[in-house]
Structures are given as structure tokens and as C-alpha cells.
Asks: 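Just passing along the structure, written as C-alpha cells.
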Amino acid sequence: RLITKRALSRSGKARVLIQGSPATAGQLAELTSSMIEIQSQFSQLDLLDEDKQLDLVDLRGGGELLELRRRLGEVFPEALAAERSVLAIKKRRGELAAEMDKAPGIVRAIKSLSLYSGCEEEWAGELARCERGIAEASRYETIVERMTGGDENPGLTDQLASLVKELYGIAPEESRERWEELGERALSAAQELFAAARDELGIVSVNELETLRDETEAKTGALRKLKRELGARSSDDLLAYINDTDEKMKWLEESMAALDEARSLAARLRAEASELAKSLRAAREEAALDFGAAVRRHLGDLAMEDASFAVEIEKLPKVRASGAEGASFTMAWKGSAPNPVSKVASGGELSRILIAIQAAMQESMDRSRLPGAIVFDEVEAGLGGRAALLAGQKLRGMSGYCRIILVTHDASIAAMADQHFIVVRHGDETEVLETEGEARVAEIARMLSGDVSEEAREHARALLKSHER
């Protein structure tokens, strides 16, 4: 047994309990949707909703039609997803193809620099060393040139040698040998000094240093250009670009097979969805004819035998998850063209159409699919006289399929019920009480004439007796 409770406060907030535990109104609706269905005079608005009209046609069609709709509802999103996958792969391939158009040249340029982590700092240091070395070598070469001289001007060593030779000419005989030895030692010491300076200073030729500098500047300039072109911050980013490019090129090569597979899947699902949609349309057209005939039969029982009710299946330009068609309830009187029921039916006629539709649905549906109870809230609104009586009889007949709860102020319809309940309000408290025997007679009498006189009671007893079963 399921016990639910919903309390409404003056502030408008609602409190829902299911089996004594707090719950939401949505949970309550979901839990009871298959157990109870509520119809009211506002349910006539459902006749204007094409989606709900299509749902009714599908329910009338039964198990096979509903299974087709279920399968289409599963396959269609899969087909859409497959199509999106194809588009995504194609888009990605196009983007990468454009991006990779210049990538091979850039990768070759990066590899030609023989980059490694920290190379920028090393190249900067190398350039600084080259500049210092060029400055030192230039000064050394200037000194050497002054000492050794050139093709036109004698250097200091040449001058020293000449002076020493002149000195030899005036040297005393006994000192000449010693002076010659000292002169040779002086010239040799000068040569030894410059050789030591060259070795200890690590002097390299200016041409070699300038060549090394130019090569390093060229690499550094190429590196800066590549960084600007790729928006990179360091040589590590350029090395990462090579790896990223390799991965993208590999994906481009492998993605063709993935694209072919995605296209094949999309084509298969598209064909399956198309076949399901065709089968669903055929089933709906058959169900629409059957549904229209059933509703017309029930409308005849409700004194609307001159009304020609029909369900028109309208093709849509595209397949959707629910199919490729819509449904429209139309009605025509003798000699008039069919139009949507909302345009040609009065309020009372809409009430009777609603009852006829509900009756047609109940007679066609598997008992296990029917709700445990259907609540009709003043569904007879707008009816009177014979039409109200016929509506009551139709509702009474429907009670053979499932429990019918009718909220009404019409005594002639209320008298047809097997059980009667009255709603009594005491301040903020409302009670629903079953009434039997004379209390039941008195309530019907009150509904008939507004009082409980004996004459009204007699009329009420007669009404109740005529509907006993």
C-alpha cells in the first residue's frame, strides 16, 4: 500500500510525504503517473497539442507501434552522434591539414639548428666570448705588427736587429763576441715573449673568431625568427613543437581509417533510422484510421453522430527521434470541410470529444498499461440535458476498464456512481468522506434542488435506483 501526503501552506509552499518520508512534487508525479491519471476541463487544451495528439495515436497503435517508436528513439540519436563524429573528424582533418601545410619546413628549420635544452644561454655566452676574443686578438695582432712590421715598414724587432748589427760594428774586438751573444739573446727573448703571450692568452685569429661569431649570430637570429613565428618562448617550446607536429601528422595518417569507419556507421544508422521511420509512419497511418473510427463511434454514443472526427497524419520535412510526422485531430460537420477540433468545437463538444478519446484509448490498451485510476474533474463542464446524461453513461461504461473518480456538481451524473464521497471543509481542514444510505440520498437531493425536502429525496432515490447494478 502506498501512502502519500501533500500539505499546502498559506505562503504557497508545498510539503510532500511518500510513505512518511519527505519527497519532491516531481517525485510524487513520477511515482503516481502510471497509477493515476487526471482529466479536467483544462485537459481539453491537450487536444490543441500536436505532440500529445501523436502520443495518443501511438498508444492506440499498441505494442508494435510503440516498439518501433522506442527503437527509432534509440537509433536516431545514435545516427546524429555518428554524423557529428564524421563532421568532427573532417573538421579536425581540415584544420590540421591547413596547420601542417607549413609544418614540415618549420620542422626542418628547427632541426637544422640542432637545438637542445639551454642552447640559447650557451649561444649567448659564446657570442660574448667571441667579442672578447676578437678584441684581444686585434690588440695582440696590432702589437705583433708593431714589433715585426709589415711589407713596407720595419717593425721594432727589425729595428732592434739593425741596431744590434750596427752596435757590433763599433764593438771592441775583445767584446764583440759577447755583444753578439747578448744581441741574439735579446732578439730571442722578444720572440719568446710574444709566443708565450699568444699561447697564454689563447689567441685565435680574428678571421676564425669572426666566422664563429657570424655562425652563432645566424643561429640565434634563426631561433628568434622561429620563436616569433610560432609564438614560442624558448627553444624547449620549439622542440615540443616537433613532437606535437609528429603526433598530429600521425593522427592525420590514421584518421582516414577512422573517418571511413565513422562514415560507414553513420550510413548504417541513417538507413536503419529511415527504415524505422517508414515503418512507424505506416503503423501510425493505420492506427490513425482505427483511432478516428473508434472516437467517432463513441461520439455517436454522446449525441454527436453528425460529427466526423478524424486523425490526420502530416508528413514532416525531416526525421526526428519521434518520427517524421505529426498528428492533427480534425472534425467536420455535415457539408463542411474538416478543421482542427479547436476551431470548430464548442466547450461542451470538446468535453465530449475528450471523453470519447479517453474511452477509445481504454478499450484498445492492454489492461496492464492502464492507470489504476482516472480522475475526471468537472469534465462534463459545458454539457447539459441529454448530452450530460450520455457523458455520464459513457463514464460509467469506462469504469469497467479501470477505477473512475469523477468530481462533479451534476446530480444526474453523480447518481450513476457506485460510491459517493463528499468534500467537507472545516476552516483550514478539508475532509473527504464516503456517504451511504440516506446521507447519500440527501446529498443527491441537495445537488438536484438545493434542499433536502422529501420531494427532492424521492427524486434522488429514483435516480439512484435507476442506475443500480
Side-chain angles (χ1 to χ4, degrees), residues 1-8 14 16-19 25 28-47 52 56 59 298 301-302 347-348 350-383 387-425 429-437 439-444 446-448 460 463-464 466-469:
R1 185 173 66 169
L2 178 68
I3 299 176
T4 66
K5 180 180 179 180
R6 186 176 187 189
L8 299 176
V16 177
L17 296 175
I18 299 177
Q19 300 292 68
L28 178 63
E30 182 179 357
L31 180 65
T32 59
S33 61
S34 61
M35 303 170 61
I36 186 168
E37 182 178 332
I38 299 177
Q39 299 283 352
S40 71
Q41 50 189 305
F42 299 106
S43 296
Q44 296 165 358
L45 298 176
D46 290 349
L47 300 180
K52 292 187 178 180
L56 290 174
L59 287 171
H298 288 291
D301 296 338
L302 291 167
L350 284 174
S351 294
R352 281 182 279 178
I353 293 172
L354 186 64
I355 293 172
I357 288 173
Q358 189 69 61
M361 294 302 300
Q362 284 188 314
E363 69 183 16
S364 66
M365 291 177 64
D366 183 345
R367 292 296 179 87
S368 64
R369 301 178 67 91
L370 289 173
I374 301 179
V375 179
F376 287 94
D377 183 12
E378 297 188 39
V379 76
E380 81 288 353
L383 300 180
L389 182 63
L390 292 174
Q393 291 173 345
K394 183 61 67 175
L395 292 174
R396 183 177 174 86
M398 289 166 60
S399 67
Y401 295 100
C402 66
R403 182 177 292 106
I404 300 294
I405 300 174
L406 174 66
V407 180
T408 182
H409 296 285
D410 191 303
S412 61
I413 296 180
M416 298 181 189
D418 297 319
Q419 285 179 284
H420 288 85
F421 296 83
I422 59 172
V423 179
V424 181
R425 180 174 295 173
E429 296 292 328
T430 300
E431 290 184 290
V432 180
L433 305 171
E434 184 176 8
T435 180
E436 299 178 303
R440 180 186 185 193
V441 171
E443 187 61 27
I444 296 294
R446 186 190 61 77
M447 293 175 69
L448 282 168
L463 269 178
L464 291 168
S466 67
H467 296 300
E468 287 182 353
R469 55 178 172 178

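Everything quoted here is computed from the prediction, not taken from an experiment.
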Asks: Applying side-chain hydrogen bond (donor to acceptor under 3.5 Å, both in side chains), can you list everything that pairs with E434, at least two apart in sequence or on another chain?
Replies: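 Per chain and number, E434 pairs via side-chain hydrogen bond (donor to acceptor under 3.5 Å, both in side chains) with Q419.
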Asks: Residues in side-chain hydrogen bond (donor to acceptor under 3.5 Å, both in side chains) with E431, at least two apart?
Replies: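 So E431 forms a side-chain hydrogen bond (donor to acceptor under 3.5 Å, both in side chains) with H426.
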Asks: Compare every heavy atom of I444 with every heavy atom of A460, then report the nearest pair and how far apart it is.
Replies: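 Looking at all heavy atoms of both residues, the closest pair is CB-CG2, 3.6 Å.
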Asks: Run the side chain to side chain contact (heavy atoms under 4.5 Å, CB included) check on H420 and L464 step by step: do they pass?
Replies: CA-CA 11 Å; H420 288 85; L464 291 168; 4.0 Å; yes
Asks: Using the test side-chain contact (heavy atoms from CB on, under 4.5 Å), find all partners of A439 that sit at least two apart in sequence or belong to another chain.
Replies: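 By the side-chain contact (heavy atoms from CB on, under 4.5 Å) rule, A439 matches T435.
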Asks: List in chain and number order the residues that pass side-chain hydrogen bond (donor to acceptor under 3.5 Å, both in side chains) with H298, two or more places apart in sequence or in another chain; answer none if no residue qualifies.
Replies: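 H298 satisfies side-chain hydrogen bond (donor to acceptor under 3.5 Å, both in side chains) with E363, K394 only.
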Asks: By salt bridge (charged side-chain N to carboxylate O under 4.0 Å, His left out), which residues pair with R440, not counting sequence neighbours?
Replies: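 If we apply the salt bridge (charged side-chain N to carboxylate O under 4.0 Å, His left out) test to R440, skipping adjacent residues, there are no hits.
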Asks: If I take atom CG from residue L56 and atom CE from residue M361, how far apart are they, to the nearest 0.5 angstrom?
Replies: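 L56 atom CG to M361 atom CE measures 5.0 Å (nearest 0.5 Å).
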